[in-house]
Amino acid sequence: MSTRIGIDPEPSHRSAGAAEAIRHHYDAGNDFFALWLDPSMTYSGALRQESDRDDGDDTLEAAQERKLRFHLAAVRADRAQRLLDIGCGWGSTLERFAALPGARHAVGLTLSDAQAEYIRSRAPRGVEVRIQDWKDYAPSARFDAIISIGAFEHFARPEDTPADKIELYRDFFTRCRSWLADGGTMSLQTIAYGNMRRESASRFFQQEIFPDADLPRLTEVTAALDGVFEIQSMRNDRLDYAWTCEQWARRLRWRRSDAVRLVGPEVVARYERYLKMSALGFRMGKICLLRMVLEPYKDGYFAGREGRPA
Ligand SMILES: C[S@@+](CC[C@H](N)C(=O)[O-])C[C@H]1O[C@@H](n2cnc3c(N)ncnc32)[C@H](O)[C@@H]1O
């Protein structure tokens with residue numbers, strides 16, 4: 001089982017700010033998140049069964065497992081030996097990949113020390129977790145599959161112009177493209193602006209919950225993908241994310257006194273407000289949830305092979 005590590009360049013100035021912003025969010029600690037996430041500690045929109053969308057039979061646990069299976073199937077993980085998870089959280093995707101018979105090596109990138117410690121303590125077979133921004137990552141070998149769930153929304157900053165954002169996202173996709181082996185696939189999940197202007201984004205989110213971050217617009221994502229990846233499929237599951245936030249809020253309510261003991265009443269109130277506002281935003285279509293399966297263009301005008309690992 002390979003665990004070769006590439007030479008890491010010095011972290012960029014921008015990465016230092018991103019790491020700080022992510023830490024701010026995860027400073028609340030693993031125990032706090034464990035109170036209201038499902039047991040797999042998956043922290044992103046779940047996937048509901050079509051038949052459950054109208055009635056209430058689904059559970060958060062089942063819907064998160066379904067979501068993880070969706071992304072693993074999208075990248076044909078059963079045929080992959082090496083997987084990269086950009087923004088691996090507490091490692092639920094990595095663990096499920098590591099359990100597949102053909103899996104040999106999985107790399108997870110996170111900016112959170114607490115998440116990395118959690119994954120390392122569980123020591124899934126063949127999994128390497130790195131506290132590293134994708135901008136500073138230099139793999140030594142290519143991957144058969146890349147999954148990125150719930151990280152893309154942290155990449156851009158509120159002060160970036162739309163052109164800056166497209167350039168940044170294009171840099172991300174170009175690197176991912178260059179890290180994929182021939183025949184490899186990428187599966188991306190991200191929240192995006194829907195029926196709302198960026199200027200109307202709540203200061204509360206940008207200052208209190210995810211400082212220094214700005215969501216993408218679909219047009220920015222597609223402009224950044226142009227000529228790099230072909231969109232094989234795309235779905236908007238915003239109501240699934242609204243339901244996920246409502247489930248999280250319900251679980252936090254059940255464990256409220258434990259949560260207050262762990263992080264204090266102000267932090268709990270902040271999270272309650274964030275989950276309520278997010279659920280509402282998804283229900284109203286102000287924000288949406290994109291799940292995109294991406295295949296590199298075989299030919300065409302992609303010219304980003306520089307820095308591609310051997
Ligand atoms: C909302 S969590 C989602 C975690 C996981 N994918 C899941 O679905 O449970 C976002 C993750 O993205 C990571 N992240 C955000 N920006 C990143 C960046 N620039 N480079 C690497 N990881 C990043 C965070 O550290 C965190 O692990």
Side-chain angles (χ1 to χ4, degrees), residues 8-9 11-28 30 33-34 36-47 60-61 63-72 75 83-97 106-120 127 129-139 146-157 160 165 168-169 171-173 175-176 179 186-191 205 209-216 237 240-241 244-245 248 271 274-275 278 289-291:
D8 302 331
S12 59
H13 175 67
R14 195 181 164 105
S15 306
E20 182 131 345
I22 294 286
R23 265 190 216 109
H24 169 89
H25 188 82
Y26 295 106
D27 270 352
N30 293 349
F33 288 98
W36 51 278
L37 297 180
D38 74 298
S40 73
M41 296 286 278
T42 301
Y43 192 23
S44 49
L47 178 59
L60 182 61
E61 287 86 337
Q64 289 295 14
E65 287 298 334
R66 195 176 301 117
K67 185 267 298 291
L68 297 174
R69 282 201 307 275
F70 166 88
H71 287 287
L72 288 166
V75 299
L83 170 102
L84 174 65
D85 183 357
I86 302 173
C88 61
W90 285 276
S92 55
T93 306
L94 294 170
E95 283 198 20
R96 275 141 195 82
F97 175 72
V107 177
L109 304 183
T110 176
L111 298 179
S112 154
D113 303 324
Q115 292 180 337
E117 261 169 47
Y118 179 90
I119 299 171
R120 285 178 189 143
V127 169
V129 56
R130 306 173 68 103
I131 304 165
Q132 193 168 43
D133 196 305
W134 58 267
K135 288 183 226 78
D136 301 316
Y137 181 51
I146 298 179
I147 293 179
S148 186
I149 308 173
F152 197 88
E153 42 278 73
H154 296 284
F155 296 168
R157 291 178 170 186
D160 287 338
K165 289 171 75 183
L168 170 73
Y169 297 149
D171 180 26
F172 173 71
F173 288 127
R175 289 180 200 226
C176 290
W179 297 337
M186 175 165 182
S187 193
L188 177 79
Q189 170 167 326
T190 181
I191 304 171
F205 277 95
I209 299 292
F210 291 113
D212 229 10
D214 187 43
L215 293 177
D237 290 326
D240 288 8
Y241 213 148
T244 307
C245 292
W248 287 337
Y271 273 82
Y274 143 64
L275 294 173
S278 302
L289 179 68
L290 305 177
R291 303 195 221 251

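Position 1 is the first residue of the sequence; numbering continues from there. Remember, predicted model here, so these are calculated numbers, not experimental data. One-based numbering, in listed order, for ligands and for the atoms of each.
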Contact check: Trp134 vs ligand 1, nitrogen or oxygen atoms, below 3.5 angstrom: yes
Test of proximity, Thr110 against ligand 1: N or O pairs below 3.5 Å: yes
Near-ring test Phe155/Phe152, centroid separation under 6.0 angstrom: yes
Distance flag, aromatic centroids of Trp248 and Tyr271, threshold under 6.0 Å: no
Proximity winner for atom 23 (C) of ligand 1, if only heavy atoms of Ile191, Leu111, Asp133 are counted: Leu111
Best match, His71, Gln115, His154: closest heavy atom to atom 26 (C) of ligand 1: Gln115
Check: residues 86-95 side-chain donor-acceptor pairs under 3.5 Å, at least two apart:
residue, atom, partner, partner atom, Å
Trp90, NE1, Asn30, OD1, 2.9
Ser92, OG, Thr42, OG1, 2.8
Glu95, OE1, Arg122, NH2, 3.2
Glu95, OE2, Arg122, NE, 2.5
Glu95, OE2, Arg122, NH2, 3.4

Test item: side-chain donor near acceptor, Gln115 and Thr110, under 3.5 Å: yes
Close side-chain approach of Asp133 and Leu109, heavy atoms under 4.5 Å: no
Derivation of the side-chain contact (heavy atoms from CB on, under 4.5 Å) call for Lys67 and Ile149: CA-CA 10 Å; Lys67 185 267 298 291; Ile149 308 173; 4.2 Å; yes
Going by the order shown, which atoms of ligand 1 are within less than 4.0 Å of some heavy atom of [X]?
X      : value
Gly89  : 4 (C), 5 (C), 27 (O)
Ile149 : 3 (C), 4 (C), 5 (C), 6 (N), 8 (O)
Gly87  : 4 (C), 5 (C), 6 (N), 11 (C), 12 (O), 13 (C), 22 (N), 27 (O)
Thr42  : 8 (O), 9 (O)
Phe155 : 16 (N), 17 (C), 18 (C), 19 (N)

Gln132 near ligand 1 by a heavy-atom separation under 4.0 Å: yes
His154 and Leu111: CA distance, side-chain angles, deciding distance, side-chain contact (heavy atoms from CB on, under 4.5 Å) verdict: CA-CA 11 Å; His154 296 284; Leu111 298 179; over 6 Å; no
